[in-house]
Amino acid sequence: MSETLPPLLLVGCGKMGGAMLEGWRERGLSEAVVVDPYLAAAPAGVTLVREASAIPAGFAPAAVVLAIKPQEAPAALPAYARFAGGAVFASVMAGRTVAFMRGLLGAEAAVVRAMPNTPAAVRRGFTVACAGPGVSSGQRALADALLGATGEIAWVEEEGLLDPVTAVSGGGPAYVFLLAELMEQAAVEQGIPRDLARRMARATVAGSGALLAASAEDAAQLRKNVTSPKGTTERALAVLMEEAAWPELMSKAIAAATARSRELAG
Ligand SMILES: NC(=O)c1ccc[n+]([C@@H]2O[C@H](COP(=O)([O-])OP(=O)(O)OC[C@H]3O[C@@H](n4cnc5c(N)ncnc54)[C@H](OP(=O)(O)O)[C@@H]3O)[C@@H](O)[C@H]2O)c1
């Protein structure tokens, strides 16, 4: 892929779209148009319009990135069908299938469906993508560069895997934030003042994530490195790792979220 990105159209510049746009600007944008009804201003060099009908005539994007809420899709997508044929569509909308989007964009639309997560805001996201029918290798490479601008990216061949992906990496940050909340609460119960408890829980979760990211060792080994025989951590882990505790609860939680993702996709 060349250094500068080709002409791009971003539909929806909220949390996800905005994070991607920032990543693309760092990479080097040529021409970019953003469609967003209420965005206050676009960054320098980016054209902002309020609706699809205001996109400058003759603008021919190589990619149309769809970062609106899934419920906006039925009303919004048909206006972009005119770009099918030339552009690849890359969607980060939860639960909207490739078939659903092609139903609105036309059967010749080349569509990539992806599931990012919120650490994208700090360029530490994880996105899993799946290419629909007719996506060329060049279009896939472009989608890889655009979706990967907010962190790591991986590809799957089977679209159905995006349901468990949604459960694990899409929702995953929420489970980790819950861990920080619960650690804070448990610390307070042991007599630690609230402010200190909060700082400790945040720093411990964030620091452990940074260590995991920087280390070549896997999570199980890093856990063992903290666990001295007959020590305090071993005592806590004996509670957490009981069959009916975290191992069973985590697999039930992921299964419930996967089932919900399948329901939403209809
Ligand atoms: N946030 C996450 O953790 C996460 C994770 C995975 C996937 N996703 C997916 O990413 C997508 C975007 O989520 P988000 O969190 O970035 O949402 P968001 O912050 O609400 O961004 C959506 C943006 O699109 C704008 N918009 C609404 N209707 C539009 C239209 N017809 N044309 C153009 N722009 C329009 C919204 O403007 P207004 O706000 O003014 O309506 C808003 O700026 C969703 O489909 C979501 O499923 C999000």
Side-chain angles (χ1 to χ4, degrees), residues 8-24 32-43 46-56 59 61 63-83 87 89-98 100-101 104-105 111-130 143 146-156 159 161-178 209 254 257-258 260-266:
L8 304 175
L9 177 61
L10 173 63
V11 183
C13 192
K15 290 189 283 294
M16 277 297 162
M20 285 190 283
L21 182 60
E22 240 181 79
W24 305 339
V33 175
V34 169
V35 185
D36 194 299
Y38 299 108
L39 185 69
V46 174
T47 304
L48 172 63
V49 297
R50 298 301 175 194
E51 54 186 31
S53 60
I55 295 169
F59 180 62
V64 178
V65 179
L66 303 169
I68 53 177
K69 294 282 191 198
Q71 59 271 25
E72 319 275 5
L77 262 52
Y80 301 93
R82 63 191 157 112
F83 299 115
F89 291 87
S91 162
V92 298
M93 292 184 292
R96 291 303 192 188
T97 62
V98 168
F100 177 88
M101 289 185 268
L104 296 166
L105 293 166
V111 175
V112 169
R113 177 180 163 199
M115 174 49 57
N117 64 10
T118 52
V122 289
R123 232 50 73 69
R124 297 297 299 270
F126 193 89
T127 297
V128 179
C130 178
L146 298 177
L147 298 165
T150 52
E152 283 187 52
I153 179 163
W155 289 77
V156 292
E159 190 178 359
L161 289 179
L162 289 181
D163 293 310
V165 162
T166 300
V168 177
S169 62
Y175 321 147
V176 176
F177 299 139
L178 174 63
I254 297 294
T258 302
R260 181 64 181 143
S261 176
R262 290 195 182 115
E263 267 171 36
L264 290 173

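Each ligand, and each atom within it, is numbered from 1 in the order the structure gives. On a predicted model such as this, the values are computed, not experimentally measured, just so you know.
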Are any side-chain N or O atoms of T166 and backbone N or O atoms of L162, one a donor and one an acceptor, separated by less than 3.5 Å? yes
Proximal ligand 1 atoms for A76, defined as those under 4.0 Å from one of its heavy atoms: 31 (N)
Do any nitrogen or oxygen atoms of G170 lie less than 3.5 angstrom from nitrogen or oxygen atoms of ligand 1? no
Given M16, R96, Q71, K15, which has its nearest heavy atom closest to atom 2 (C) of ligand 1? M16
Quick check: do P61 and V33 have side-chain heavy atoms less than 4.5 Å from each other? no
Which bit of C13 gets closer than 4.0 Å to ligand 1, counting heavy atoms only: side chain, backbone, both or neither? backbone
Between R260 and D163, is there a side-chain heavy-atom distance shorter than 4.5 Å? no
Separation between CE (M20) and NZ (K15), nearest 0.5 Å, reads 12.5 Å
Any idea which heavy atoms bring A167 and T258 closest together, and the distance? CB-OG1, 3.4 Å
If I apply the N/O under 3.5 Å rule, does Y80 come out as touching ligand 1? no
Shortest non-hydrogen contact from D36 to G14? OD2-N, 4.1 Å
Proximity to ligand 1 by part of E72, non-hydrogen separation under 4.0 Å: side chain
Can you tell me how far apart NZ (K69) and CZ (R96) are? Round to the nearest 0.5 Å. 13.0 Å
Answer yes or no: is there a donor N or O on one side and an acceptor on the other, between the side chain of R113 and the main chain of V98, under 3.5 Å? no
What part of E51, side chain, backbone, both or neither, has a heavy atom within less than 4.0 angstrom of ligand 1? neither
What pair of heavy atoms forms the shortest contact from R82 to A79, and how long is it? NE-O, 3.5 Å
protein heavy-atom neighbour closest to atom 23 (C) of ligand 1 works out as G14 N, 3.6 Å
Write out the residue and atom name of the closest protein heavy atom to atom 30 (C) of ligand 1, then the distance separating them to 0.1 Å. I68 CG2, 4.0 Å
Closest contact, heavy atoms only, F59 versus F83: O-CE2, 3.6 Å
Protein contact to atom 33 (C) of ligand 1 [nearest heavy atom, distance to 0.1 Å]: V35 O, 3.3 Å
contact_flag P116 ligand 1 heavy-atom lt 4.0 Å: yes
Protein heavy atoms near atom 39 (O) of ligand 1, is at least one of them under 4.0 angstrom away? no
heavy-atom search around atom 13 (O) of ligand 1 in the protein gives K69 NZ, 4.1 Å
Relative to ligand 1, is P70 under 4.0 angstrom through side chain, backbone, both or neither, heavy atoms considered? both
Give the residue and atom name of whichever protein heavy atom lies nearest to atom 34 (N) of ligand 1, and the separation in Å to one decimal. P37 CD, 3.3 Å
Distance-minimising heavy-atom pair for I68 and G12: CG2-CA, 3.7 Å
Ignoring hydrogens, just give me the one of A75, A79, G12, A114 whose non-hydrogen atom is nearest atom 24 (O) of ligand 1. G12
Identify, by atom number and element, the atoms of ligand 1 in contact range of M115, meaning under 4.0 Å from any of its heavy atoms. 6 (C), 7 (C)
Residue, atom and distance of the protein heavy atom nearest atom 47 (O) of ligand 1 read A94 N, 3.0 Å
Nearest protein heavy atom to atom 8 (N) of ligand 1, by residue and atom, and its distance? V92 O, 3.6 Å
Approximate separation, where rounding is to 0.5 Å, of L146 CG and L8 CG: 5.5 Å
Could you say whether the N/O atoms of D36 and ligand 1 ever approach to under 3.5 Å? yes
Give the minimum heavy-atom separation between A129 and I153, together with the two atoms involved. CB-CD1, 4.2 Å
What protein heavy atom sits nearest atom 22 (C) of ligand 1, and how far away is it? A67 O, 3.5 Å
With heavy atoms of T118 as the reference, note each atom of ligand 1 found under 4.0 Å away. 1 (N), 2 (C), 3 (O)
